[in-house]
Undergrad: 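Mind looking over this structure? Questions follow.
Just so it is clear, the structure is predicted and the values come from calculations on it, not from any experiment.
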Amino acid sequence: MERNTQLRQDRKHGHECGSPGFRTLFGLFMVLFSTLVWAQDRAAHTAYLAGSGNRALDQHMIQLLENSLGRDIVLRPLDNGQTTTPDQAPIIAIGPSSFSRVRQANRQAPILAMLVEESFIEDYAADNPGQISAVYYNVPLELQATIGKAVLPHATKVAIIATTETAELYEPIVDKLPPMGLQPRVFIVDSQEDLIPTLVRALNYGDFLLAGPDDMLYNPRTIKHILLTAYRRNRIVIGPSQAYVKAGALASGYAPFPAMTRAAADQLEYYFVNGEFPAPVYPDRFSVEINSQVARSLNIPLPDKETLDQELERAQAQYEGTGE
């Protein structure tokens, strides 16, 4: 009798499992299970961040990166001294010191450099395509010159100073400024003692001084002397960065942090799809920092910041359209 009862229960259970309602529930369960597995797989992408050592800056960058990254990429900070990652996961290095530290300790690591200038990272990226890439921090010199032209519409000559080691930084723009109505001339500084005399000759030539990402000339030891010399000769300095505008340069283009982190997110997403990084890129947007006090002191009527930003945006669209 017990055996017959068990058979009836088994037949009933089998009938219920074969019912349309059960099959529907089972199908929904399998869809949900598959979705969870897919979501876990997508969330398995992990990138690591090697900080600059500036805690406030690193936290700000982490927050912006997390806002820009999709849910399928998890960002984790590297522990102190850590240079290897599970399964060679990519590392975002904040600043040149961070990049150098990671690169020298682990030459196999895929690295995305941020807050680095093109002149610093370009050789690494060229020698290690797909493994090393970057979001450039500096603004192309053509765009910086556009700011100078917007501030001084009647300007026709651009002065540039460089050392023999850094003169190549300015080679790409020598042929690009004349179509903008600007004639550039590079003055070579042979020694630190020659800086001010060479600068005076440059300022006598140019309507403004275009400062590039040249740490040998533009650094905390020299910038005060450069800016004072330019000010006394009623000349303005454009560039090389926001920091120098605060020190006394009239204006400079800069890449906003959100634009840089959006570009970094695109680089990471490309990496996880293709297994390698694309070539280094500039952010898709720049803005202009201006020093109104310097403009007033030199009696220079400044366009408003919105006008300068729009002019820079137009110049950037043209710059990108040339495929540079």
Undergrad: Look only at the side chain of Q131 and the backbone of A109, and say whether a donor-acceptor pair between them is shorter than 3.5 Å.
TA: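 Answer holds: yes.
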
Undergrad: Using atom types as modelled and distance alone, determine if a side-chain donor or acceptor of S98 lies under 3.5 Å from a backbone N or O of A50.
TA: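 Yes, S98 side chain to A50 backbone: donor-acceptor pair under 3.5 Å.
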
Undergrad: Does N128 form a side chain to side chain contact (heavy atoms under 4.5 Å, CB included) with R107? I'd like the steps, not just the answer.
TA: CA-CA 10 Å; N128 302 273; R107 300 183 69 81; over 6 Å; no

Undergrad: Starting from M216, can I reach V116 by hopping between I/L/V/M/F/W/Y residues whose side chains sit under 4.5 Å apart?
TA: no

Undergrad: Who are the salt bridge (charged side-chain N to carboxylate O under 4.0 Å, His left out) partners of R262, not counting sequence neighbours?
TA: D284

Undergrad: Are V189 and L228 co-members of a hydrophobic cluster defined by side-chain heavy atoms under 4.5 Å apart?
TA: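 Different clusters.
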
Undergrad: One pair to check against side chain to side chain contact (heavy atoms under 4.5 Å, CB included): L69 and L75. What are the steps and the verdict?
TA: CA-CA 9 Å; L69 291 169; L75 185 63; 4.3 Å; yes

Undergrad: CD of E306: more than 12 outside heavy atoms within 6.0 angstrom?
TA: no

Undergrad: Going by atom types only, do D194 and S191 share a side-chain donor-acceptor pair under 3.5 Å?
TA: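 Result is no, nothing qualifies.
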
Undergrad: For Q242, does the CD atom sit with more than 12 other heavy atoms under 6.0 Å from it, leaving out its own atoms?
TA: yes

Undergrad: Counting C-beta onward and ignoring hydrogens, is there a side-chain heavy-atom pair between Y136 and I121 closer than 4.5 Å?
TA: yes

Undergrad: Tell me the closest heavy-atom pair linking N291 and A249, and the distance in Å.
TA: CB-O, 3.4 Å

Undergrad: Looking just at side-chain N and O atoms, do Y282 and E118 make a donor-acceptor pair shorter than 3.5 Å?
TA: yes

Undergrad: What distance separates K176 NZ from L141 CG, expressed to the nearest 0.5 Å?
TA: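 Taking NZ in K176 and CG in L141, the distance rounds to 9.5 Å.
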
Undergrad: Are the side chain of S68 and the backbone N or O of A265 linked by a donor-acceptor pair below 3.5 Å?
TA: no

Undergrad: Mind listing the closest non-hydrogen atom pair of A211 and V237 along with its distance?
TA: CB-CG1, 4.1 Å

Undergrad: Within the side chain of Y170, is there an N or O that forms a donor-acceptor pair under 3.5 Å with the backbone of G212?
TA: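 Side chain of Y170 to backbone of G212, a donor-acceptor pair under 3.5 Å: yes, one is there.
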
Undergrad: Compare all side-chain heavy atoms of I160 with those of I173 and state whether any distance is below 4.5 angstrom.
TA: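 A side-chain contact exists here, since the closest heavy-atom pair is under 4.5 Å.
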
Undergrad: Give, for atom OG1 of T261 and atom CD1 of I62, the distance between the pair rounded to the nearest 0.5 Å.
TA: 12.5 Å

Undergrad: Please check if Y254 and M114 belong to a single hydrophobic cluster, counting links between Ile, Leu, Val, Met, Phe, Trp and Tyr side chain heavy atoms closer than 4.5 Å.
TA: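 No, because Y254 and M114 fall into different hydrophobic clusters, even though each may have its own neighbours under 4.5 Å.
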
Undergrad: Quick check: does any side chain N or O of D309 sit under 3.5 Å from a backbone N or O of V288, one acting as donor and the other as acceptor?
TA: yes

Undergrad: Under 6.0 Å between ring centres: does that hold for Y137 and F120?
TA: no

Undergrad: When you measure from the centre of the six-membered ring of F187, is the NZ or CZ of R201 closer than 6.0 Å and no more than 45° off the axis?
TA: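 Cation-pi check for R201 and F187: fails.
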
Undergrad: Hey, are the side chains of L182 and T156 touching, using non-hydrogen atoms and a 4.5 Å cut-off?
TA: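 Sidechains of T156 and L182: no contact.
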
Undergrad: So that I can tick it off, tell me whether E289 and K305 are bridged by a salt bridge, with the cut-off set at under 4.0 angstrom between side-chain N and carboxylate O.
TA: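 A salt bridge is absent here (no side-chain N lies under 4.0 Å from a carboxylate O).
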
Undergrad: Tell me, do R185 and K157 make a side-chain contact under 4.5 Å, heavy atoms counted?
TA: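 Of all side-chain heavy-atom pairs linking K157 with R185, none is under 4.5 Å.
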
Undergrad: Please tell me whether L64 and L115 are part of a single hydrophobic cluster in this structure, the criterion being side-chain heavy atoms less than 4.5 Å apart.
TA: yes

Undergrad: Does the Q267 side chain pair with the main chain of V135, one donor and one acceptor, at a distance under 3.5 Å?
TA: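 Not at all, since once roles are kept as given, no pair shorter than 3.5 Å links the two residues.
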
Undergrad: Just do the side chain to side chain contact (heavy atoms under 4.5 Å, CB included) check on V74 and H45 with the steps written out, would you?
TA: CA-CA 6 Å; V74 176; H45 293 321; over 6 Å; no

Undergrad: Ignoring hydrogens and angles, tell me if any N or O in the side chain of N204 forms a donor-acceptor pair with the backbone of V200 under 3.5 Å.
TA: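 Between the backbone of V200 and the side chain of N204 there is a qualifying donor-acceptor contact (under 3.5 Å).
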
Undergrad: Listed by chain and number, what are the side-chain contact (heavy atoms from CB on, under 4.5 Å) partners of T146, not counting sequence neighbours?
TA: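 Only M180, E311, A315 meet the side-chain contact (heavy atoms from CB on, under 4.5 Å) criterion with T146.
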
Undergrad: Would a 4.5 Å heavy-atom cut-off, applied to side chains only, mark L302 and D304 as touching?
TA: no

Undergrad: Please say yes or no: joined through hydrophobic side-chain contacts below 4.5 Å, possibly via intermediate residues, are F286 and V245 part of one cluster?
TA: no

Undergrad: P90 versus F277: any side-chain heavy-atom pair under 4.5 Å?
TA: yes

Undergrad: Decide if atom CG of N299 counts as having more than 12 heavy atoms of other residues, nucleotides or ligands within a radius under 6.0 Å.
TA: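 12 or below, so no.
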
Undergrad: Does the side chain of F257 come within less than 4.5 Å of M61's, by heavy atoms?
TA: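 Sidechains of F257 and M61: in contact.
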
Undergrad: For a 4.5 angstrom cut-off between non-hydrogen side-chain atoms, does L298 reach L250?
TA: no

Undergrad: Hey, could you give me the CG/CD1 distance between L217 and I226, rounded to the nearest 0.5 Å?
TA: 6.0 Å

Undergrad: What is the distance from atom CG of D214 to atom OG1 of T166, rounded to the nearest 0.5 Å?
TA: 3.5 Å

Undergrad: Supply the atom-to-atom distance R232 CZ to L203 CG, rounded to the nearest 0.5 angstrom.
TA: 12.0 Å

Undergrad: Determine yes or no for a side-chain-to-main-chain donor-acceptor pair under 3.5 angstrom, with Y244 supplying the side chain and Y218 the backbone.
TA: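 Side chain of Y244 to backbone of Y218: a pair is present.
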
Undergrad: Could you give me the CA-CA distance, side-chain angles and deciding distance for L210 and Q144, then say whether side chain to side chain contact (heavy atoms under 4.5 Å, CB included) is met?
TA: CA-CA 7 Å; L210 180 62; Q144 296 280 29; 3.6 Å; yes

Undergrad: Looking at Y271 and P110, what are the two nearest heavy atoms and their distance?
TA: OH-CG, 3.5 Å

Undergrad: Which heavy atom of D175 sits nearest a heavy atom of P179, and at what distance?
TA: O-CD, 3.6 Å

Undergrad: Can any side-chain N or O of D58 pair as donor or acceptor with the backbone N or O of S52 at less than 3.5 Å?
TA: yes

Undergrad: From L65 CG over to H60 NE2, what is the distance, rounded to the nearest 0.5 angstrom?
TA: 10.0 Å

